[in-house]
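Report on the following structure.
All of these numbers come straight from a predicted model, not from anything done at the bench.
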Amino acid sequence: MLYKKHINIYTTFALMKVLKRVFFIWCTLWFLVVFLLLYPFFFIFLQSEKTYPAAHFLNKVWAYMVFIICLTPCHTDFRFKLKKNKAYVFCPNHTSYLDIPTICFSLSGFYAFMGKDSLAKVPLFGYMFQKLYIPINRRSKVNAYKSYLKACKAIDNKRSLVIFPEGTIPDEGSPRMIKFKDGAFKIAIEKQVPIVPVTIPHNWEILPDLKKMHVNLLHRMRVIYHEPIETTGMTLENIKELKEKTYQVIHEELKKYNKQLA
């Protein structure tokens, strides 16, 4: 009897593992198919800066369609009202490759992601990313500075930025954050625009790591946009203070959803 019970447990576990792999392939396939279907429109809209906002909107359409097809509901919690024609620096925690689509899905407006220059090297996607957004190569001071100037120019044009302050997805594969880099906070202080902490608590559970090749079935996504932290009157001497405050806002929210952080 006990032997049969162990067999049943093992069979159930093996079946769930297979289902997760199948669902991962299903989601990945549709992620690529939807992008390829939209790509001719991306290409057209990327030929002129006047139509860049339309190209950016396609990323929202892409995320929306994939989340529906993959049965992944997303709850968005805005704790303040976005002001039109006002630039912000959005700082989300980073635990999954789903984080960028989650921001595209949940955040309206024409904003710019700052991300690793390796994204600009991905076939087809890289062309779009390089045109619309701001790749950054931290290994080169010259290239990093050029990216910084592009970010400042975007703010001057009332275009918000989305910068993952950790700079990468932590190796631990958990919601525990790593030390924030200075870039987002330096830009916000230099341009005197608010920092918006953003908490994404569950993506690390939904798509923990591409190497594991599984997506957790029907897991609810959630993203919280916290009240802005004003930088008016701050100087570069306040970077550490601003980083710590942003970190704590996100960390305290993560603790509500992840017991290991309590």
Side-chain angles (χ1 to χ4, degrees), residues 16 20 23-24 27 60 63-64 66-68 70-83 88-109 111 113-115 160-185 188 193-210 212 214-231 238-262:
M16 286 301 298
K20 286 183 177 183
F23 194 60
F24 174 85
C27 293
K60 191 174 185 69
Y64 188 83
V66 171
F67 288 169
I68 288 178
C70 295
L71 305 176
T72 309
C74 183
H75 175 76
T76 303
D77 180 6
F78 263 96
R79 298 184 180 175
F80 73 104
K81 187 175 181 179
L82 278 172
K83 294 182 180 179
Y88 301 86
V89 176
F90 295 91
C91 289
N93 64 305
H94 201 13
T95 61
S96 170
Y97 289 98
L98 284 175
D99 294 338
I100 291 179
T102 299
I103 297 296
C104 287
F105 176 89
S106 60
L107 184 61
S108 61
Y111 44 86
F113 286 97
M114 287 191 76
S160 295
L161 301 175
V162 178
I163 305 174
F164 295 96
E166 294 164 275
T168 188
I169 299 174
D171 294 332
E172 289 78 6
S174 76
R176 195 175 303 279
M177 292 184 291
I178 58 176
K179 185 178 178 181
F180 285 178
K181 298 184 182 300
D182 289 349
F185 308 97
V193 297
I195 286 279
V196 178
V198 183
T199 304
I200 307 176
H202 300 306
N203 282 4
W204 71 280
E205 298 174 284
I206 301 170
L207 183 63
D209 191 331
L210 287 178
K212 294 181 180 179
H214 76 253
V215 178
N216 287 319
L217 302 172
L218 304 177
H219 199 301
R220 188 179 182 85
M221 302 175 74
R222 185 181 296 272
V223 56
I224 300 102
Y225 292 87
H226 299 276
E227 291 186 8
I229 301 172
E230 295 294 339
T231 61
N238 300 114
I239 285 180
K240 184 177 180 181
E241 169 193 341
L242 185 58
K243 279 198 303 183
E244 181 61 25
K245 189 170 184 178
T246 305
Y247 186 100
Q248 287 303 320
V249 170
I250 299 172
H251 179 70
E252 289 302 315
E253 191 69 29
L254 284 173
K255 284 165 62 175
K256 297 177 183 179
Y257 302 97
N258 301 280
K259 292 181 179 180
Q260 67 263 46
L261 298 180

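- Scanning all heavy atoms of the two residues, the minimum distance from Leu254 to Pro201 falls at CD2-CA, 3.7 Å.
- The shortest distance between side-chain heavy atoms of Thr102 and Phe67 falls below 4.5 Å.
- Residues Pro92 and Ile103 share a closest heavy-atom pair of CG-CD1, 4.0 Å.
- A salt bridge does not link Asp77 with Arg222: every distance from a Lys NZ or Arg NE/NH1/NH2 to an Asp or Glu carboxylate oxygen is 4.0 Å or more.
- Contact record, Ile169 with Tyr97: CD1-N, 3.9 Å, taken as the closest heavy-atom pair.
- Considering OG1 of Thr72 and CG of Leu98, their distance stands at 7.5 Å, rounded to 0.5 Å.
- Exactly one residue among Val196, Ile195, Val198 makes a side chain to side chain contact (heavy atoms under 4.5 Å, CB included) with Thr246. That residue is Ile195.
- A heavy-atom distance below 4.5 Å is found between the side chains of Ser106 and Tyr225.
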Inset, instruction - Start with the C-alpha gap between Phe90 and Leu161, add the side-chain angles, then the distance that decides, and say whether side-chain contact (heavy atoms from CB on, under 4.5 Å) holds. - result: CA-CA 6 Å; Phe90 295 91; Leu161 301 175; over 6 Å; no

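- In terms of modelled atom types and a separation under 3.5 Å, the side chain of Ser160 and the main chain of Tyr88 share a donor-acceptor contact.
- Using a 4.5 Å cut-off on side-chain heavy atoms (C-beta onward), Met221 and His75 make no contact.
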Inset, instruction - Go through the steps to decide whether Thr95 and Ile200 satisfy the test side-chain contact (heavy atoms from CB on, under 4.5 Å), and finish with yes or no. - result: CA-CA 8 Å; Thr95 61; Ile200 307 176; 5.6 Å; no

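- Shown here is Tyr64, whose OH atom has no more than 12 heavy atoms of other residues, nucleotides or ligands within 6.0 Å.
- Judged purely by distance below 3.5 Å, without hydrogens or angles, the side chains of His94 and Thr168 never pair a donor atom with an acceptor atom.
- For the atom pair OG (Ser108) and NZ (Lys60), the distance works out to 6.0 Å, reported to the nearest 0.5 Å.
- Interatomic distance, SG of Cys74 versus CZ of Phe105, reported as 5.0 Å (0.5 Å rounding).
- Residues forming a ring pair (Phe, Tyr, Trp, His ring centres under 6.0 Å) with Tyr257 (at least two apart in sequence, or on another chain): His202.
- Here Arg176 contributes atom CZ and Glu166 contributes atom CD; the two are 12.0 Å apart, rounded to the nearest 0.5 Å.
- Nearest heavy atoms, Tyr111 versus Cys104: OH-CA, 3.4 Å.
- The minimum heavy-atom distance linking Glu227 with Pro197 is given by the pair O-CD, 3.7 Å.
- Side chains of Leu107 and Phe78 form a contact here, defined as non-hydrogen atoms less than 4.5 Å apart.
- Note: Lys243 NZ to Cys91 SG = 11.5 Å, rounded to the nearest 0.5 Å.
- The closest side-chain heavy-atom distance from Gln248 to Ile250 is not below 4.5 Å.
- Note that CZ of Phe185 is 12.0 Å distant from CD of Glu241, once rounded to the nearest 0.5 Å.
- Using a 4.0 Å cut-off between charged side-chain N and carboxylate O, Glu253 and Arg79 make a salt bridge.
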Legend entry - Step-by-step ring pair (Phe, Tyr, Trp, His ring centres under 6.0 Å) determination, Phe164 to Phe180: CA-CA 9 Å; Phe164 295 96; Phe180 285 178; over 10 Å; no

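- No side-chain donor from either of Asn93 and Thr199 sits under 3.5 Å from a side-chain acceptor of the other.
- Here the shortest heavy-atom pairing between Val89 and Ala188 reads CG2-CB, 4.1 Å.
- Put simply, the side chain of Pro194 does not reach to within 4.5 Å of the side chain of Ile229, judged on heavy atoms.
- With hydrogens and angles ignored, the 3.5 Å screen pairs a side-chain donor or acceptor of Asp99 with a backbone N or O of Ser96.
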